[in-house]
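Okay, so here's the structure we're looking at.
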Protein chains: 2
Amino acid sequence: MDQVALFKALANKTRLQILTWLKSPEEHFPDYEPACGSADVGVCVGYIQRKSGLTQSTISEYLSTLHRVGLVSATRVGQWTYYKRNEETIATLGNLIDTL
Amino acid sequence: MDQVALFKALANKTRLQILTWLKSPEEHFPDYEPACGSADVGVCVGYIQRKSGLTQSTISEYLSTLHRVGLVSATRVGQWTYYKRNEETIATLGNLIDTL
DNA sequence: AAGATATATCGACTTTTTCCGATATTCCAA
DNA sequence: TTGGAATATCGGAAAAAGTCGATATATCTT
């Protein structure tokens with residue numbers, strides 16, 4: 001777990017927003033609904049992109065940044081990639097701060 | 001408290017190191033001793049600079065970055081500026097992560 | 001197989017960050 | 001009050017990050 005990379009990933013307004021949006025998708029994405037029956041696989045790129053106001057390529061890049069450092073997980077289902085928070089890493093990050 | 005600025009300040013190897021060095025100065029700075037009698041005002045710039053291996057100007061700048069976001073406090077005593085951790089902000093940061 | 005849709009990647013450009021050397025400022029001591 | 005030591009600030013070169021449009025890839029539908 002690369003601390004600097006983690007903090008870098010968090011050092012951006014939009015990426016921080018994405019993380020909080022993903023905390024309660026029902027609230028932040030109007031037409032959101034858990035895909036694949038009841039399994040909550042996350043939110044697809046398009047929803048996030050439209051809410052952010054940035055371009056598709058930028059958001060795709062940002063999500064891959066968050067994924068690279070483990071802050072979100074990615075699940076490909078058909079033509080969609082669903083991203084959701086990785087609570088484990090986020091919790092670890094909390095501990096990391098304590099040991100700072 | 002600007003979250004992005006905080007994470008930016010932490011998104012650098014040297015600045016992170018400084019923060020951990022300041023956690024136990026006795027351990028990290030050979031000739032360290034609390035100044036002003038018993039009051040522990042922190043570590044002066046020169047010590048940190050020499051330990052870091054970077055230039056004086058860079059470290060001065062880094063310390064001011066950490067100070068600007070409240071991660072350290074600065075105390076000028078004569079020609080020295082002593083920096084020490086601001087545990088309050090660091091604790092707040094921990095909570096911030098929880099609400100991420 | 002072809003077109004449409006969702007996402008990823010590439011190349012380019014701009015802005016920010018990193019880190020330096022040089023210079024300025026502040027304070028102490030002789 | 002002048003010189004030296006500690007720190008701060010300024011200006012700049014190089015590297016990294018932000019952001020875009022264009023294009024590639026993967027998948028679904030027909």
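In what follows, chains carry the letters A, B, and so on, assigned in the order in which the sequence lines appear, proteins first and then strands, with residues in each chain numbered from 1.
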So, do B/L54 and B/Y62 sit near enough that their side-chain heavy atoms are less than 4.5 Å apart? yes
A/L6 side chain reached by A/Q3 side chain, heavy atoms, under 4.5 Å: no
Side chain proximity check, B/T81 to B/R76, heavy atoms < 4.5 angstrom: yes
Verify side-chain contact (heavy atoms from CB on, under 4.5 Å) between A/H28 and A/S24, making sure each step is shown before the conclusion. CA-CA 7 Å; A/H28 292 290; A/S24 44; 3.5 Å; yes
Residue-level proximity of residues 13-24 of chain B to DNA chain D when a heavy atom falls under 4.0 Å: none
Derivation and outcome, side-chain contact (heavy atoms from CB on, under 4.5 Å), residues A/I48 and A/F29: CA-CA 8 Å; A/I48 299 172; A/F29 302 96; 4.0 Å; yes
Any side-chain heavy-atom pair from B/I59 and B/T14 closer than 4.5 angstrom? yes
Give me each pair satisfying side chain to side chain donor-acceptor pair (under 3.5 Å) with a member in residues 41-52 of chain A, each pair once, sequence neighbours excluded. none
Just the endpoints, please: which first and last nucleotides of DNA chain C, 5' to 3', lie under 4.0 Å from a heavy atom of chain B? C/dT17 to C/dC28
Starting from the first five and the last five pairs of the helix from C/dA1-D/dT30 to C/dA30-D/dT1, work out the angle between the resulting helix axes, to 10 degrees. 20°
Sequence neighbours left out, what pairs pass salt bridge (Lys or Arg N to Asp or Glu O under 4.0 Å) with at least one residue falling in residues 10-25 of chain A? none
Output one letter per nucleotide in nucleotides 3-16 of chain D: B when a protein non-hydrogen atom lies under 4.0 Å from the base, S when only the sugar-phosphate is that close, - when neither is. -BBSBBB-------
If you apply the rule side-chain contact (heavy atoms from CB on, under 4.5 Å), what do you find for A/H67 with A/V72, and how did you get there? CA-CA 5 Å; A/H67 185 236; A/V72 301; 4.0 Å; yes
Is it the case that over 12 heavy atoms from other parts of the model lie below 6.0 angstrom from the CD atom of B/E26? yes
Working for side-chain contact (heavy atoms from CB on, under 4.5 Å), residues A/Y83 and A/L66: CA-CA 10 Å; A/Y83 286 94; A/L66 291 172; over 6 Å; no
pair A/L10-A/L19: side-chain heavy atoms closer than 4.5 Å: yes
If only side-chain N and O atoms of A/N12 are considered, is one of them under 4.0 Å from the OP1 or OP2 phosphate oxygen of D/dG18? yes
